[in-house]
Amino acid sequence: MEAFFIELLKEYGYIILFIWCMLEGEMALIMAGILAHTTHMNVALAIFIAGLGGFAGDQVYFYIGRYNKKYITKKLHTQRRKFAIAHLLMKKYGSPIIFIQRYLYGLRTILPISIGLTRYDAKKFALINLISAWAWAAITIIPAYILGEHILTLLAKAKEHWYVAIPIAVCFLGSVIYAFKRFENNVLNKKKDIRKKS
């Protein structure tokens with residue numbers, strides 16, 4: 001299965017990279033960096049295509065926010081808290097939030113939808129989104145490309161000592177989720193404090 005997946009990436013790497021970056025991203029970027037290191041991908045082309053994938057994904061979410069009220073109503077029912085946080089972040093930081101939205105776990109799809117709900121200029125969003133998507137791709141692919149040999153060695157050791165690697169991965173993921181929950185709570189608490197003072 002693993003060999004099949006690697007061969008699939010080698011043969012259809014750029015297509016898979018584009019689609020994967022539309023849907024999620026970081027793992028795809030790391031894989032692209034490693035494949036570029038092993039000469040199965042061109043690093044510049046990988047950055048270009050990954051950026052386009054990330055850009056296309058966020059554009060879809062932006063236009064869902066702008067033109068699909070039925071979907072938004074459904075999302076608001078289940079994601080009311082995250083929409084509130086996205087609104088507060090957009091209100092506080094404005095355009096720069098477009099640059100950092102890809103790094104905000106749990107808000108990556110909500111933020112573009114929230115921006116689409118506002119009167120934010122679509123052309124301006126598209127331009128900033130494109131630049132930030134290419135920056136995001138480069139920031140992740142280039143280190144993976146440079147450190148490719150070290151990453152491959154680490155993956156081989158993780159596969160060999162899976163009983164150690166899995167708990168470490170779970171703890172790391174748990175820490176990331178906890179950190180972002182704290183961040184979300186801080187955003188909401190600051191809003192509550194402002195309301196109390198006013």
| query | Considering residues at least two apart in sequence or located in another chain, which fulfil the ring pair (Phe, Tyr, Trp, His ring centres under 6.0 Å) criterion with Phe125? | reply | Phe62
| said: Between Arg66 and Ile113 (side chain of the first, backbone of the second, donor and acceptor by atom type, cut-off under 3.5 Å), is there such a pair? | reply: no
| query | Please, which pairs that meet side-chain hydrogen bond (donor to acceptor under 3.5 Å, both in side chains) have at least one residue in residues 134-145, sequence neighbours excluded? | reply | Glu26-Trp136
| query | Just how far is it from atom CZ of Arg108 to atom CD1 of Ile100, taken to the nearest 0.5 Å? | reply | 13.0 Å
| query | Out of curiosity, Ser132 OG to Ile97 CD1, how far, rounded to the nearest 0.5 Å? | reply | 11.0 Å
| note | Distance col, row Leu89:CG vs Ile110:CD1, nearest 0.5 angstrom, shows 12.0 Å
| message | Testing the basics here: between Phe55 and Ala126, what is the closest heavy-atom pair and its distance to 0.1 Å? | response | CE1-O, 3.2 Å
| request: Scan residues 44-61 for pairs that pass side-chain hydrogen bond (donor to acceptor under 3.5 Å, both in side chains), counting only residues two or more places apart or in two chains. | output: Asp58-Gln101, Asp58-Arg102, Gln59-Asn129
| task | Name all pairs fulfilling the side-chain hydrogen bond (donor to acceptor under 3.5 Å, both in side chains) condition that reach into residues 44-57, sequence neighbours left out, sorted by first residue then second. | result | none
| field | Inter-residue atom distance Ile98.CD1 - Lys124.NZ, 0.5 Å rounding | value | 7.5 Å
| request: Quick one: pull up NE2 in His40 and CD1 in Ile34 and give me the separation to the nearest 0.5 Å. | output: 12.5 Å
| remark: To the nearest 0.5 Å, atom CZ of Phe83 lies from atom CG of Leu88 at 13.5 Å
N/O donor-acceptor pairs under 3.5 Å from side chains in residues 45-54, not counting sequence neighbours:
none

| Residue pairs, two or more places apart or on separate chains, that pass side-chain hydrogen bond (donor to acceptor under 3.5 Å, both in side chains) and touch residues 41-51 | none
| task | Quick one: closest heavy-atom pair of Ile128 and Ser95, and the distance? | result | CD1-CB, 3.9 Å
| task | Check Ile16, Leu23, Leu17 against Ile19 for a side-chain contact (heavy atoms from CB on, under 4.5 Å) and give me the one that passes. | result | Leu23
